[in-house]
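Please read all numbers here as calculations on a predicted model, not as lab measurements. All residue numbers in this chain count up from 1 along the given sequence.
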Amino acid sequence: MSLPLHTVDAFTDRPFSGNPAAVCLLDRERGAAWMQALAAEMNLSETAFLLPCGDAWSLRWFTPKAEVALCGHATLASAHVLWETGRLAADEAALFDTLSGRLTARRAAGDVSDVGEGNGWIELDFPERRERAHEDLPDLFSALGVQPVYFGKNAYDYFVEVATASEVRELDPDFAALAKLPVRGVIVTAAADPGTGHDFVSRFFAPGVGVPEDPVTGSAHCCLAPYWGEKLGKGVMVGYQASPRGGTVKVRREGDRVILAGRAVTIVAGTLTPAAT
């Protein structure tokens with residue numbers, strides 16, 4: 001049987017920007033080795049695998065090298081595909097059972113959302129992933145070519161705040177050195193420049209799991225939102241991930257949850273051939 005396979009650009013409303021994810025709609029349980037092989041074949045930062053499971057969808061995420069516990073952009077892409085293909089009605093929430101528990105996606109309505117303004121915005125309900133201060137790692141700072149004003153670590157990643165947005169934009173890391181780190185990746189961030197319409201900027205590097213630079217990282221904003229929310233005294237903010245492709249993530253804090261909002265656009269819709277399944 002052929003399996004539907006889509007490529008979606010997430011956290012953008014323009015093709016060939018934001019963060020591309022593959023979304024594969026499964027007909028039955030598949031082994032991790034097969035899913036990992038397909039993710040390597042797709043060679044995108046994430047490939048999502050969806051399987052109906054009661055009132056929800058089982059959702060797993062694979063980079064070209066490893067399964068990960070939380071991924072924002074591929075969750076956004078998955079919800080977008082379910083609505084676009086009619087597998088979910090426009091007013092239905094997308095419920096996902098994942099390694100990070102139950103996650104929810106909803107199409108934002110302009111009259112009820114403080115983050116999205118309708119017009120294709122999708123809201124994701126994700127857990128906070130706060131960082132804590134960490135002892136300095138000079139080898140990491142050398143690999144990034146920065147001197148942080150703050151350094152921390154959460155459950156997945158190192159967290160580096162630098163003094164200016166231009167430092168974030170101009171980073172040219174030593175990826176070989178970063179690949180040796182005992183974490184999923186490194187978040188680098190700074191306050192946005194005034195007048196840009198953004199509150200903070202960031203970039204995310206994860207060469208150890210096969211993603212040298214992730215274009216737009218929803219899960220990183222589960223850490224960025226509480227950090228900048230407390231530092232700026234804001235509950236609703238706009239983040240810009242300043243990768244070469246770039247992308248906007250709107251965030252809203254709700255207790256120990258973070259609401260991430262973004263848009264998505266389908267680039268490819270097709271099927272895997274029977275030989276691949």
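Panel note: side chain His221, backbone Val251; no donor-acceptor pair is recorded below 3.5 Å. No donor-acceptor pair closer than 3.5 Å links the side chain of Thr104 to the backbone N or O of Asp125. Within the 3.5 Å criterion, the main-chain N or O of Arg14 finds a donor-acceptor partner in the side chain of Thr12. Under a 3.5 Å cut-off, the side chain of Asp136 and the backbone N or O of Pro138 do not form any donor-acceptor pair. The backbone N or O of Ala192 lies less than 3.5 Å from no partner atom in the side chain of Thr196, so there is not a single donor-acceptor pair. With hydrogens and angles disregarded, no donor-acceptor distance shorter than 3.5 Å links the side chain of Arg203 to the backbone of Ile187. A donor-acceptor pair is defined here as one N or O able to donate and one able to accept, closer than 3.5 Å; such a pair exists between the side chain of Gln36 and the backbone of Ala66. Not one N or O on the side chain of Arg245 forms a donor-acceptor pair closer than 3.5 Å with the backbone of Val216.
Here Asp256 does not pair with Arg253 in a salt bridge; the nearest charged N to carboxylate O distance is not below 4.0 Å. A salt bridge links Asp55 to Arg102: one of the charged nitrogens lies within less than 4.0 Å of a carboxylate oxygen. Between Arg107 and Glu92 there is no salt bridge, since no side-chain N of the basic residue sits under 4.0 Å from a carboxylate O of the acidic one.
Residues Cys223 and Arg129 come closest through the heavy atom pair CB-O, 3.1 Å. In terms of heavy-atom proximity, Thr63 sits nearest to Ala39 at O-CB, 3.5 Å. Nearest heavy atoms, Gly72 versus Phe11: C-CE1, 4.1 Å. A pairwise comparison of heavy atoms in Gly246 and Ser243 identifies N-OG, 3.0 Å as the closest pair. Annotation for Trp228 and Met237: closest pair C-SD, 3.7 Å, computed over non-hydrogen atoms. Between Ala177 and Ala143, the shortest heavy-atom distance links the atoms CB-CB, 3.7 Å.
With rounding to the nearest 0.5 Å, the separation of CH2 in Trp61 from OG in Ser219 is 8.5 Å. Note: Asp9 CG to Arg263 CZ = 14.0 Å, rounded to the nearest 0.5 Å. The CZ atom of Arg60 lies 10.5 Å from the CG atom of Leu51; values are rounded to the nearest 0.5 Å. Rounded to the nearest 0.5 angstrom, Thr217 OG1 and Leu70 CG are separated by 11.0 Å. The structure places CG of Leu99 at 5.0 Å from CD of Glu67, a figure rounded to the nearest 0.5 Å. Between the CG atom of Asp27 and the OG atom of Ser2 there is a distance of 10.0 Å, given to the nearest 0.5 Å.
The hydrophobic cluster containing Phe141 also includes Leu137, Leu140, Leu144, Val146, Phe151, Tyr158, Val160, Val162, Val168, Leu171, Phe175, Leu178, Leu181, Val183, Val186, Val188, Val201, Phe205, Tyr240, under a criterion of side-chain heavy atoms closer than 4.5 Å among ILVMFWY residues, counted directly or through chains of members.
Leu260 is connected to Ile122 through a chain of hydrophobic side-chain contacts under 4.5 Å among Ile, Leu, Val, Met, Phe, Trp and Tyr, so both are in one cluster. Note on Leu88: it clusters hydrophobically with Leu25, by side-chain heavy-atom contacts below 4.5 Å among ILVMFWY residues. Under the 4.5 Å side-chain heavy-atom criterion for Ile, Leu, Val, Met, Phe, Trp and Tyr, Val209 and Met42 are members of distinct hydrophobic clusters. Residues Leu50 and Phe126 share a hydrophobic cluster, clusters being chains of Ile/Leu/Val/Met/Phe/Trp/Tyr side chains in contact below 4.5 Å. Transitive grouping of hydrophobic side chains (ILVMFWY, heavy atoms separated by less than 4.5 Å) keeps Val211 and Val249 in distinct clusters.
In summary, the side chains of Ser100 and Thr98 do not present any donor paired with an acceptor at a separation below 3.5 Å, with no hydrogens or angles considered. Judged purely by distance below 3.5 Å, without hydrogens or angles, the side chains of Asn19 and Ser45 pair a donor atom with an acceptor atom. A donor-acceptor contact under 3.5 angstrom links the side chains of Arg87 and Thr85, judged on distance only. Checking Trp34 against Thr277 by side-chain atom types alone, no donor-acceptor pair falls below 3.5 Å. Asp97 and Ser58 form no side-chain donor-acceptor contact under 3.5 Å, judged by distance and modelled atom types alone. With no hydrogens or angles considered, no side-chain donor-acceptor pair links Glu128 and Tyr227 at under 3.5 Å. Side-chain contact annotation: Thr189 with Ser202, donor-acceptor N/O pair under 3.5 Å absent. Under the 3.5 Å distance criterion, with hydrogens and angles disregarded, a donor-acceptor pair is assigned to the side chains of Thr266 and Glu84.
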- Item | From CA spacing to verdict: side chain to side chain contact (heavy atoms under 4.5 Å, CB included), Glu131, Lys153 | CA-CA 5 Å; Glu131 97 304 328; Lys153 180 180 181 294; 5.9 Å; no

- Task: Please step through side chain to side chain contact (heavy atoms under 4.5 Å, CB included) for the pair Gln241 and Phe204, ending with a clear verdict.
- Result: CA-CA 8 Å; Gln241 195 152 329; Phe204 183 80; 3.7 Å; yes

- Item | From CA spacing to verdict: side chain to side chain contact (heavy atoms under 4.5 Å, CB included), Phe96, Thr75 | CA-CA 8 Å; Phe96 300 112; Thr75 305; 3.8 Å; yes

- Message: Evaluate Thr248 against His198 for side chain to side chain contact (heavy atoms under 4.5 Å, CB included), listing each step before the verdict.
- Response: CA-CA 9 Å; Thr248 298; His198 306 120; 4.2 Å; yes

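Every pair passing salt bridge (charged side-chain N to carboxylate O under 4.0 Å, His left out) that includes a residue from residues 155-168 is listed here, sequence neighbours excluded: Asp157-Arg184, Glu161-Lys231.
Residues Leu103 and Pro127 have side chains in contact (heavy-atom distance under 4.5 Å, counting atoms from C-beta outward). Put simply, the side chain of Pro20 does not reach to within 4.5 Å of the side chain of Val8, judged on heavy atoms. Between His80 and His6 the shortest side-chain heavy-atom distance does not fall below 4.5 Å. Contact of the His73 side chain with the Cys71 side chain is registered, since non-hydrogen atoms from C-beta on lie closer than 4.5 Å. Looking at Leu26 and Leu3, their side chains come closer than 4.5 Å, going by heavy atoms from C-beta outward.
Remark: Lys250 qualifies as a cation-pi partner of Trp121 under the 6.0 Å distance and 45° angle criteria applied to the six-membered ring.
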